[in-house]
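Below you'll find the structure, written out as structure tokens, and then a few comments.
All values below come from the heavy atoms of this structure, side chains included, with hydrogens, waters and symmetry mates left out. A quick note: this is a predicted structure, and the numbers were derived from the prediction, not measured.
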Amino acid sequence: MTLFIRFLPLLLIFLTWSVNAETTITVTQSASATKTLTLEYQKPVRLVQVVEDSLANISKLVSQNDIQPQPIYWLSAGLYDLSTATAVANQQQQVLHLLNIQDSNKNKPQNIQAIKALSDWITVNKFAKREAIVLDFDSVRLKEELNPLISEHYLFSLPTKPGYVMVLGAVEKNGKQPFRVRQNATKYLDWALPIDDSNNSFAWLIQPDGKVEHYPIAYWNNHQIDIAPGAIIYLEFQGAQENEQVLNQQVIELLKYWIR
């Protein structure tokens, strides 16, 4: 194994993996980090080895403002396949194109504001295909079926616990809402101000581990589902344009791949 540190924006990591190693893992603690740790292996490697090597060297990712690494929020930890970067980038551009088509309705200023805010958020954030595997260290270490072989090029994100829930979609205030324990989606959406052309019966909840749930928000079907810090609540656009259902489906698919 070869280990070295890169001081590169995450955007460049998608383009600069080594051609000499069969397996390259870039470790970061956030999508905005400039300091990343690169693990190189000459053959496929077990997931537990990647986790162990990442934890053994995570102190190298500490910023100047921190004395020691902050605790990892394992629920948000993600292993992202960098070989799919081009495909996901195309998916991102398709979503932005669909949003631009929606924006053509100039008679709906409320909709235009929501669409522009969502489009701006998608533009500045980063996405990659997230592997649907458990990344909790104890589980990976103790259960053979949760310890697959890893090969090729991946981004391993080990973020700290956030203090927000992201509310996106058919709302006036797309963006972060302070996390509140046991708070339901309806309250988060009320604070974000749903627009008139929005789904008033269900929202989508994308938990930090990528799990997607249909969340009832109407008075007649209200049901409590715990929302974790760092989750996304997406409220569908509904009633203004013919292609809204396609847009909603593609946005939800893209949000699963958000690199925190």
Side-chain angles (χ1 to χ4, degrees), residues 1-4 10 13-14 17-18 21-31 33 36-62 68-85 87-88 126-162 165-166 179 181-182 204-215 224-232 252-260:
M1 179 190 74
T2 302
L3 173 67
F4 61 91
L10 190 60
I13 294 299
F14 282 73
W17 58 63
S18 171
E22 181 169 339
T23 304
T24 304
I25 312 293
T26 299
V27 186
T28 184
Q29 286 203 290
S30 78
T36 61
L37 171 72
T38 300
L39 305 171
E40 292 187 350
Y41 306 89
Q42 299 308 313
K43 58 183 181 179
V45 60
R46 289 289 175 185
L47 177 60
V48 69
Q49 186 67 54
V50 172
V51 177
E52 287 178 347
D53 291 340
S54 299
L55 295 179
N57 293 281
I58 200 167
S59 61
K60 297 179 175 67
L61 300 178
V62 175
Q68 60 185 6
Q70 298 297 309
I72 294 168
Y73 183 45
W74 287 103
L75 192 62
S76 274
L79 190 66
Y80 299 88
D81 185 352
L82 296 184
S83 68
T84 66
V88 176
K126 299 177 179 66
F127 305 88
K129 185 177 183 300
R130 183 176 185 170
E131 295 295 331
I133 55 178
V134 175
L135 289 173
D136 177 76
F137 183 40
D138 288 335
S139 299
V140 171
R141 182 169 55 87
L142 297 174
K143 297 181 181 180
E144 185 176 353
E145 65 272 20
L146 299 179
N147 186 25
L149 276 171
I150 304 297
S151 63
E152 299 189 1
H153 311 291
Y154 287 87
L155 174 72
F156 190 22
S157 177
L158 295 172
T160 57
K161 190 174 184 178
V165 167
M166 193 70 68
F179 171 75
V181 178
R182 298 287 296 170
W204 290 96
L205 174 65
I206 299 123
Q207 296 283 23
D209 60 358
K211 181 181 179 182
V212 179
E213 300 177 85
H214 215 190
Y215 199 121
Q224 177 70 33
I225 301 175
D226 285 341
I227 300 173
I232 302 171
I252 293 165
E253 184 66 23
L254 184 65
L255 293 179
K256 293 192 299 183
Y257 299 155
W258 178 38
I259 303 173
R260 287 162 171 79

Please enumerate all residues that pass salt bridge (charged side-chain N to carboxylate O under 4.0 Å, His left out) together with Asp136, with sequence neighbours excluded.
none

Measure the [atom1]-[atom2] distance between [X] and [Y] for me, rounded to the nearest 0.5 Å.
{"X": "Leu158", "Y": "Arg260", "atom1": "CG", "atom2": "CZ", "result": "13.5 Å"}
{"X": "Ile206", "Y": "Lys211", "atom1": "CD1", "atom2": "NZ", "result": "13.0 Å"}
{"X": "Gln29", "Y": "Thr36", "atom1": "CD", "atom2": "OG1", "result": "11.5 Å"}
{"X": "Phe156", "Y": "Leu135", "atom1": "CZ", "atom2": "CG", "result": "5.0 Å"}
{"X": "Leu255", "Y": "Met166", "atom1": "CG", "atom2": "CE", "result": "9.5 Å"}
{"X": "Gln49", "Y": "Ile25", "atom1": "CD", "atom2": "CD1", "result": "11.0 Å"}

Over all atoms of both residues, closest heavy-atom pair of [X] and [Y]:
{"X": "Val27", "Y": "Ser54", "result": "CG2-OG, 3.4 Å"}
{"X": "Val51", "Y": "Phe137", "result": "CG1-CD1, 3.3 Å"}
{"X": "Ala228", "Y": "Val165", "result": "O-CG2, 4.0 Å"}
{"X": "Ser151", "Y": "Thr23", "result": "CA-OG1, 3.3 Å"}

With sequence neighbours excluded, tell me which residues meet side chain to side chain contact (heavy atoms under 4.5 Å, CB included) with [X].
{"X": "Glu253", "result": "Gln91, Lys256, Tyr257"}
{"X": "Val140", "result": "Leu47, Val48, Asn147"}
{"X": "Leu149", "result": "Pro44, Arg46"}

Quick note, side-chain hydrogen bond (donor to acceptor under 3.5 Å, both in side chains) partners involving residues 72-81, not counting sequence neighbours, are Asp81-Ser83

Is any side-chain heavy atom of [X] less than 4.5 Å from a side-chain heavy atom of [Y]?
{"X": "Leu61", "Y": "Thr28", "answer": "no"}
{"X": "Thr24", "Y": "Leu39", "answer": "no"}
{"X": "Leu254", "Y": "Val88", "answer": "yes"}
{"X": "Trp204", "Y": "His214", "answer": "yes"}
{"X": "Ile133", "Y": "Leu79", "answer": "yes"}
{"X": "Ile225", "Y": "Leu205", "answer": "yes"}

For the pair [X] (side chain) and [Y] (backbone), establish whether a donor and an acceptor sit closer than 3.5 Å, ignoring hydrogens and angles.
{"X": "Gln207", "Y": "Asp226", "result": "yes"}
{"X": "Tyr154", "Y": "Thr26", "result": "no"}
{"X": "Ser30", "Y": "Ala33", "result": "yes"}

Yes or no on side chain to side chain contact (heavy atoms under 4.5 Å, CB included) for Glu40 and Thr38, after CA distance, side-chain angles and deciding distance?
CA-CA 6 Å; Glu40 292 187 350; Thr38 300; 4.1 Å; yes

More than 12 heavy atoms of other groups within 6.0 Å of Glu144 CD
no

Flag if over 12 foreign heavy atoms under 6.0 Å of NZ, Lys161
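No, not enclosed.
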
